[in-house]
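Take a look at the structure below.
Any value given below was found using the heavy atoms of this structure, including those in side chains, with hydrogens, waters and symmetry copies removed.
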Amino acid sequence: MLNFDVVIIGAGAAGLMCAAQAGYRGRSVAVVDMGKKAGRKILISGGGRCNFTNEGATPQNYLCANPHFVKSCLSRYTQHDFIELVDRHGLAYHHKTLGQLFCDNSAQDIVDILLTECEWAGVELFLRNEVIKVERTEGGRYLVTTSEQVFSCESLVVAAGGLTMPKLGATPIGYKIAEQFGLKVLPTMAALVPFTLHDHDKARFDGLAGVSLPCTAQSEDGTRFKENLLFTHRGLSGPAILQISSFWRAGQGVIVNLLPDTDMQAQLHDWRQEQGNKSLKNLLSTILPKRFVEVLINEQTVPEKNANQLSHSEIETLAHALHHWHIKPNGTEGYRTAEVTLGGVDTDELSSKTFEAKKAPGLYFIGEVTDVTGWLGGYNFQYAWSCGWACGQAC
Ligand code: FDA
């Protein structure tokens with residue numbers, strides 16, 4: 001049996017950050033992971049360049065049944081602290097858009113920084129160790145049985161992630177451990193995920209795969225995101241859709257403002273006056289992708305007329321249709337392609353300062369396994385750094 005002060009299940013973003021911090025406090029730390037590499041999700045994130053934080057991260061960028069839960073860790077270890085860490089390691093990175101920071105070279109640079117920190121802090125890494133079983137001894141220590149060995153520890157940190165991307169080693173072990181110790185786990189759902197479409201919509205948009213347009217996507221609860229929408233072979237994707245998927249529920253619709261920066265009623269009046277003998281198809285194709293305009297014409301959302309043939313009421317109707325384009329997804333692509341898992345270990349069960357379970361002293365839950373989900377844009381990694389750091393001060 002291997003004895004450590006702290007065992008961390010999961011060599012992902014949250015687990016590695018926590019491990020280094022606990023190690024720097026003088027704790028003996030083991031990180032166990034079933035993968036053959038550490039930080040596998042980091043490596044594929046951000047298209048291989050890892051959107052490692054967001055300069056504007058605030059608690060408002062997170063979904064959680066208790067919206068106050070993330071305030072403590074996000075304020076104790078901020079995006080600026082993480083930026084300072086990567087600066088110290090000489091990381092080359094750039095600002096992309098909307099406060100998102102990406103590596104210039106490769107996401108491997110972020111994994112290397114975390115592994116270097118772990119090495120400096122004396123952390124031991126046990127890869128290819130699948131956790132099979134967790135028990136608590138009468139003396140209050142935790143025993144972790146993996147496919148390879150048994151670990152004994154005073155503090156057990158569960159940083160085993162959510163259910164997204166099973167091919168990268170996602171397992172429900174974190175939720176199972178929570179339930180084993182009597183903690184409530186809120187229902188989980190794939191989030192930051194593309195929508196699939198009903199067959200009739202697939203037929204409508206046939207040929208649009210690859211077409212992208214800036215828009216505002218709005219869910220039925222009124223949440224809106226102004227980013228790009230992308231038609232794919234399977235349905236709808238792009239940042240606007242991924243963002244709104246976290247707020248969408250089965251059976252609901254999504255309203256898309258196709259021209260969020262244009263007052264279409266005024267624009268149509270102008271066209272009628274100044275370019276009246278041009279077709280709406282040609283005029284709209286100057287501000288929307290041409291292939292998409294053809295679809296709008298085919299399904300008669302846009303009349304096949306010249307601008308000067310539009311009546312006042314037709315202008316009103318068309319402007320409304322373009323600002324409130326309604327789409328009813330069939331579902332999502334699910335955990336296979338989702339970036340994150342909504343729901344998870346109920347944060348009411350945890351200390352927001354230390355992430356220790358109130359019902360099980362010495363047992364901690366951090367990262368995606370908890371019921372905290374960030375928006376798209378580096379917010380999920382920032383939560384992993386912040387909660388990993390906070391837990392690492394205490395476990
Ligand atoms: P994470 O899932 O990273 O780690 C959990 C670890 O536990 C895994 O290594 C797994 O192998 C291990 N494990 C699970 N079960 C086990 C068991 N039974 N035994 C042993 N080990 C076990 N976020 C962001 O902010 N910016 C971005 O650019 C992206 N991009 C992105 C792209 C894609 C394709 C995905 C899928 C996700 C993103 N994300 C993202 C989200 C981000 O990757 C996610 O929020 C964090 O990786 C969560 O970190 P955790 O440490 O909580 O879990």
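A donor-acceptor pair shorter than 3.5 Å can be found between the side chains of E117 and H89. Remark: the R141 side chain and the S152 side chain contain an N/O donor-acceptor pair separated by less than 3.5 Å. A donor-acceptor contact closer than 3.5 angstrom is absent between the side chains of T347 and D371. Side-chain atoms of T341 and E368 include a donor-acceptor pair closer than 3.5 Å.
Looking at heavy atoms from C-beta onward, F195 lies out of side-chain contact with E333 at the 4.5 angstrom threshold. Using a 4.5 Å cut-off on side-chain heavy atoms (C-beta onward), S245 and P194 make no contact. Annotation: side chain of M1 is in contact with side chain of L143 (closest heavy-atom distance under 4.5 Å). Side-chain contact check for M264 versus H320: every heavy-atom pair is 4.5 Å or farther apart. Between Y383 and T370, the closest side-chain pair of non-hydrogen atoms falls below 4.5 Å. No side-chain heavy atom of H80 sits under 4.5 Å from any side-chain heavy atom of E84. With a 4.5 Å cut-off on side-chain heavy atoms, T188 and Y175 count as touching. Side-chain contact between E124 and F4 is present, with heavy atoms from C-beta onward closer than 4.5 Å.
Under the 3.5 Å distance criterion, the side-chain polar atoms of R27 are matched with a main-chain donor or acceptor of C395. Panel note: side chain N306, backbone Q309; no donor-acceptor pair is recorded below 3.5 Å. In this structure, the side chain of N129 does not engage the main chain of V32 through any donor-acceptor pair within 3.5 Å. Counting only distance, with no hydrogens or angles, the side chain of H323 and the backbone of T262 share a donor-acceptor pair below 3.5 Å. For Q79 (side chain) and E55 (main-chain N/O), a donor-acceptor pair under 3.5 Å exists by modelled atom type. No donor-acceptor pair closer than 3.5 Å links the side chain of E349 to the backbone N or O of D346. Although no hydrogens or angles enter the test, the distance criterion places a donor-acceptor pair under 3.5 Å between the side chain of D81 and the main chain of T78. A side-chain donor-acceptor contact under 3.5 Å links T116 to the backbone of D112.
For F181 and F365, the distance between ring centers is not under 6.0 angstrom.
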Does the side chain to side chain contact (heavy atoms under 4.5 Å, CB included) test come out yes or no for K133 and E135, once each step is laid out?
-> CA-CA 7 Å; K133 189 167 74 167; E135 296 154 280; 3.4 Å; yes
How far apart are the C-alpha atoms of F225 and W375, what are their side-chain angles, what is the distance that settles it, and do they pass the ring pair (Phe, Tyr, Trp, His ring centres under 6.0 Å) test?
-> CA-CA 10 Å; F225 289 94; W375 293 2; 4.8 Å; yes
Checking ring pair (Phe, Tyr, Trp, His ring centres under 6.0 Å) for the pair Y93/F52: CA distance, chi angles, key distance, verdict?
-> CA-CA 10 Å; Y93 62 90; F52 58 83; 5.5 Å; yes
Carefully, step by step, assess F355 and F69 under the rule ring pair (Phe, Tyr, Trp, His ring centres under 6.0 Å).
-> CA-CA 10 Å; F355 293 79; F69 182 77; 5.4 Å; yes
Should Y364 and S351 be marked as a side-chain hydrogen bond (donor to acceptor under 3.5 Å, both in side chains) after you check the CA-CA gap, both sets of side-chain angles, and the distance that decides it?
-> CA-CA 9 Å; Y364 301 77; S351 154; over 6 Å; no
List the steps, then state whether side chain to side chain contact (heavy atoms under 4.5 Å, CB included) holds for R76 with Q393.
-> CA-CA 11 Å; R76 288 169 67 217; Q393 310 308 311; 4.3 Å; yes
Mind running side chain to side chain contact (heavy atoms under 4.5 Å, CB included) on N54 and N61 for me, showing each step along the way?
-> CA-CA 10 Å; N54 192 294; N61 304 116; over 6 Å; no
Side chain to side chain contact (heavy atoms under 4.5 Å, CB included) between V157 and V6, intermediate numbers included | CA-CA 7 Å; V157 180; V6 184; 4.0 Å; yes
Show your reasoning for whether ring pair (Phe, Tyr, Trp, His ring centres under 6.0 Å) applies to F292 and F231.
-> CA-CA 10 Å; F292 182 57; F231 290 91; 5.5 Å; yes
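Between E304 and K281, no side-chain nitrogen of the basic residue sits less than 4.0 Å from a carboxylate oxygen of the acidic one, so the salt-bridge criterion is not met. Electrostatic pairing of D261 and K226 counts as a salt bridge here, judged by a charged N lying under 4.0 Å from a carboxylate O. Salt-bridge annotation for R128 and E148: absent, with no side-chain N of the basic residue lying under 4.0 Å from a carboxylate O of the acidic one. Between K41 and E339 there is no salt bridge, since none of the side-chain N atoms of the basic residue sits less than 4.0 Å from a carboxylate O of the acidic one. Ion pair K184/E179 not flagged as a salt bridge, since none of the NZ, NE, NH1 or NH2 atoms sits closer than 4.0 Å to an Asp/Glu carboxylate oxygen.
Nearest heavy-atom pair across L127 and G35 is CB-O, 3.3 Å. Here the shortest heavy-atom pairing between A390 and C73 reads CB-CB, 4.1 Å. Shown here for L183 and K359, the closest heavy-atom pair between the two residues is CD1-CB, 4.3 Å. The heavy-atom pair separating G374 from N380 by the smallest distance is N-OD1, 2.7 Å. What you find for P214 and P260 is that their closest heavy atoms are O-CD, 4.0 Å. The heavy-atom pair separating D33 from A11 by the smallest distance is OD2-N, 2.7 Å.
Using cut-offs of 30° and 60° for the angle between ring planes, the F151 and F126 rings count as perpendicular.
In this structure S386 satisfies the side-chain hydrogen bond (donor to acceptor under 3.5 Å, both in side chains) test together with Q382, sequence neighbours excluded.
For the atom pair CG (L192) and CG (L376), the distance works out to 5.5 Å, reported to the nearest 0.5 Å. Atoms CH2 and CG, on W271 and L310 in that order, are 10.0 Å from each other to the nearest 0.5 Å.
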